[in-house]
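The next block holds one structure in the form of structure tokens; read it before the comments.
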Amino acid sequence: MRPIPTHQSEAGEHPGMARRSSDSPAPEPTDWVTRAADDAIRHAGGDPRDPAVAEQLRAAGTVVTCASGISPSGPIHLGNLREFLTTHFVAEELKRRGVPARHLQSWDDFDRLRKIPEGVDPSWTTHIGKPLSAVPDPWECHTSWAEHFKAPLRAALAEMGCTMEEVDQTDRYRAGAYTEQVLHAIERRDVIESVLARHRTKQAVPEDASAEEAAALEDSVAEDDEPTQTGDLARFPYKPFCRTCGRDTVTLTSYDDETTDLAYTCDVCGDSHVTNVRTQPEGKLVWKVDWPMRWSVEGVNFEPGGVDHASPGSSYTVGKEIVKLYGGRAPSFVGYSFVGVAGMAKMSSSKGGVPTAADALRVLEAPVLRWLYARRQPKQAFTVDLGPEVVRLYDEWDALGKKAANPAKRDAHVLAFERASTTSSAGTLPTPPVVVPFRTLSSIADVTAGSADQISRLVGDLGHAHDSVADLEPRLGRAITWTHEFVPEEDRTTVRTTPDRELLASLGELERTWLHLFLEHLPSAWADGSPDLDRVTTVVYGVPKLARGLALEDQPTDEVKADQKAFFRLLYRLLVDAERGPRLPTLVLALGLDTVYALIQAA
RNA sequence: GGGCCACUAGCUCAAUGGGCAGAGCAUCGGACUUUUAAUCCGCUGGUUCAGGGUUCGAGUCCCUGGUGGCCUACCA
């Protein structure tokens with residue numbers, strides 16, 4: 001990884017200020033990030049319209065907290081990435097305004113392992129019910145299940161310039177950081193239960209239950225691995241992990257409010273224990289209490305969540321009320337929709353999973369991936385297409401980059417570009433010093449089989465001056481990867497490694513003449529040592545003219561045009577074993593004289 | 001039962017707190033020695049799902065309905 005420049009221009013930090021001197025003061029563009037940041041400031045007690053709000057908050061010692069959280073229970077895919085980037089963008093916007101802000105990331109690795117993804121040894125089902133941080137890594141490369149999935153995301157986020165304060169919930173719980181809050185929840189468990197009950201809208205066995213409902217019910221019963229329990233302990237807001245086996249598969253048997261002794265029997269290993277909630281941090285609050293508890297402890301001002309959390313009766317709605325028990329207030333919230341994936345057929349089948357940020361970064365430059373998440377409203381679902389759409393995506397991105405270079409054209413689109421391109425901690429994220437269209441790089445990579453020298457030469461020949469291949473990174477490597485892994489075989493160009501002797505032997509008189517003339521005149525394009533694309537073009541189109549007794553530069557007759565078509569097809573078959581291919585002059589240039597000779601000369 | 005999202009050109013989608021409905025692809029036409037897949041330019045193409053309302057002005061806001069999709073209730 002290359003070091004990232006950390007310069008920050010004053011103008012870049014306060015783009016709004018720079019516009020003041022303009023004679024027609026265009027309003028500062030706004031987008032969902034601006035509004036979410038406004039909300040966060042309001043939540044923290046400031047007035048986002050007040051120019052002095054940053055100084056006021058700073059003077060008051062307020063740090064606006066933007067929180068994200070996720071259970072590292074499996075590969076953290078592109079949908080989950082929205083949790084991080086949504087939070088990140090809002091925190092960045094606050095910092096951009098000079099407001100003290102932090103991005104706090106909670107790893108919910110004290111959550112129980114719920115199910116085993118495909119591809120993992122079925123024997124791992126024995127770990128179901130344990131905290132993610134206590135399950136061994138089936139791939140044996142990390143210290144735990146949780147770490148195995150956290151590590152690659154950390155790396156990807158770092159590459160995307162997304163820095164954050166990380167908190168492991170396992171550590172926090174084990175350190176007793178929440179003990180007071182746990183005890184409080186247990187004391188007020190009747191209130192909690194009444195809140196939860198109020199939001200339980202489940203109808204009391206509808207007499208006209210549709211088949212659909214019945215099926216859904218069956219499903220939920222089938223998935224329910226919880227023991228049934230009755231009475232006060234049935235809805236206990238706290239659940240210990242079994243001291244013997246580490247699973248949360250426990251049935252509570254008694255709780256003493258005086259001593260805070262909690263007794264339980266493990267349904268799996270059968271052992272019974274007593275844990276003291278005050279002195280032995282061996283468990284965690286149930287999710288719907290855990291979340292609001294942390295809002296209050298951490299002073300969260302903004303936190304996004306999947307739309308599933310925002311539905312009535314869901315965790316955010318319920319948490320809004322529960323947090324009051326802690327004297328807190330629910331953070332400002334945006335619900336984000338799901339991110340679809342397309343163009344991954346090959347990879348997802350081979351890797352057996354949904355693509356992650358790291359997967360996407362193999363094809364998309366970091367700012368481009370960020371852009372996908374910045375430019376859409378969170379509640380709008382979108383699709384990351386790593387297939388054919390990638391080319392268009394890069395085209396749009398490059399066009400936007402040109403627009404962004406003109407301050408007069410600053411609008412919401414440009415704002416999204418800026419959010420995608422730079423961060424407060426990483427500065428401007430790496431982009432290629434010499435921007436070559438992605439489609440061009442992909443095509444070149446295809447026919448050159450990834451040879452750096454050839455790529456560099458061709459890019460130069462096509463008019464993109466550059467000092468070395470390094471000037472084409474980080475895009476070139478991604479174009480190579482994309483071409484090899486995401487372009488369908490039938491759309492690719494595979495250069496023959498050996499001459500097609502059978503075909504060469506079966507050629508007719510005219511075809512042999514073409515090939516001889518071709519090989520005779522082609523070297524003239526390399527007369528100066530470096531290839532001349534125009535000259536190659538002349539030769540390629542001129543060969544059929546020569547065969548008809550015309551000169552290279554003559555206008556083609558209808559007869560010649562028909563010959564050209566046949567000649568081209570012949571060359572494609574000999575060079576790339578296909579009926580069609582990239583434009584021949586560039587293809588010939590890409591292959592180089594030696595390769596062309598090797599594949600044709602046997603005629 | 002409740003909630004959210006979508007519906008715009010043939011296709012995929014834009015339209016940044018109401019202000020002239022736009023791109024890409026496809027089609028078609030043209031230029032570049034070119035009936036080729038790395039270059040350009042241009043033309044076509046619209047009752048913005050339907051109906052009502054607010055407004056000087058609605059794809060955008062409100063109401064009703066339709067179609068499609070997602071989520072939710074028990075648990076984390």
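Naming: A, B, ... by sequence-line order, numbering from 1 per chain.
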What pairs of nitrogen or oxygen atoms, one from the protein and one from nucleotides 2-8 of chain B, lie under 3.5 Å apart?
{"from": "B/rC5", "atom 1": "OP1", "to": "A/Lys379", "atom 2": "NZ", "distance (Å)": "2.9"}

Item to check | Residues forming a side-chain hydrogen bond (donor to acceptor under 3.5 Å, both in side chains) with A/His127, sequence neighbours excluded | outcome: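 For A/His127 the side-chain hydrogen bond (donor to acceptor under 3.5 Å, both in side chains) partners, ignoring immediate neighbours, are A/Lys130.
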Item to check | By side-chain hydrogen bond (donor to acceptor under 3.5 Å, both in side chains) - contacts of A/Ser443 (at least two apart) | outcome: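 Scan of A/Ser443 (side-chain hydrogen bond (donor to acceptor under 3.5 Å, both in side chains), adjacent residues dropped) gives none.
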Any protein N or O atoms within reach of nucleotides 19-28 of chain B? Criterion: under 3.5 Å, listing atom names and distances.
none

Remember a base hit wins even if backbone is also touched, and classify [X] as base, sugar-phosphate or nothing at under 4.0 Å, heavy atoms.
X	answer
A/Leu587	base
A/Asp411	nothing
A/Arg569	nothing
A/Ser442	nothing

[N] versus [M] - spacing of their [atom1] atoms, nearest Å:
N	M	atom1	answer
B/rC62	B/rA6	P	12 Å
B/rC71	B/rU47	C1'	34 Å
B/rU16	B/rU72	C1'	31 Å
B/rG24	B/rU39	P	14 Å
B/rC70	B/rC63	C1'	24 Å

Checklist entry - Taking only residues two or more places apart in sequence or in another chain, which ones pass ring-ring contact (aromatic ring centres under 6.0 Å, His included) with A/Phe110? => result A/Tyr173, A/Phe241
Item to check | With A/Tyr336 via ring-ring contact (aromatic ring centres under 6.0 Å, His included) - residues at least two apart | outcome: none
Item to check | Distance in angstrom units between A/Arg49 CZ and B/rG17 P, rounded | outcome: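 Whole-Å distance recorded here is 18 Å.
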Checklist entry - Do NZ/NE/NH1/NH2 and the carboxylate oxygens of A/Glu418 and A/Arg410 come within less than 4.0 Å? => result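 Salt bridge present between A/Glu418 and A/Arg410.
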Item to check | Base-paired stems in RNA chain B, each at least three Watson-Crick or G-U pairs under 3.5 Å | outcome: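 The stems that RNA chain B takes part in, listed by first number, are B:1-7 with B:66-72, B:10-13 with B:22-25, B:28-31 with B:39-42, B:49-53 with B:61-65.
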Checklist entry - Would you say the side chain of A/Ser314 and the base of B/rU72 hold a donor-acceptor pair, judged only by whether the two atoms sit under 3.5 Å apart? => result no
Residues two or more places apart in sequence or in another chain: which of them pass salt bridge (charged side-chain N to carboxylate O under 4.0 Å, His left out) with [X]?
X	result
A/Arg392	A/Glu389, A/Glu396
A/Lys150	A/Asp109, A/Glu147, A/Asp168
A/Asp308	none
A/Glu92	none

Checklist entry - OP1 or OP2 of B/rU16 sitting under 4.0 Å from any side-chain N/O of A/Arg375? => result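 Negative; the distance criterion is not met.
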Next on the checklist: Measuring from the side chain of A/Asp111 (C-beta onward, heavy atoms only), which nucleotide among B/rC13, B/rA76, B/rA38 has the closest atom?
Outcome noted: B/rA76
Item to check | A/Arg376, nearest nucleotide to its side chain (from B/rC13, B/rU33, B/rA76) | outcome: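 So the nucleotide nearest the side chain must be B/rC13.
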Checklist entry - Got a sec: does the CZ of A/Arg42 have more than 12 other heavy atoms crowding it under 6.0 Å? => result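 Counting neighbours around CZ of A/Arg42, more than 12 heavy atoms of other residues, nucleotides or ligands fall under 6.0 Å, so yes.
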Next on the checklist: Once salt bridge (Lys or Arg N to Asp or Glu O under 4.0 Å) is applied, what residue pairs with a partner in residues 283-292 of chain A remain, sequence neighbours excluded?
Outcome noted: A/Asp111-A/Lys284, A/Asp290-A/Arg294
Next on the checklist: Quick check: A/Phe149 with A/Trp145 (ring centres under 6.0 Å apart)?
Outcome noted: yes
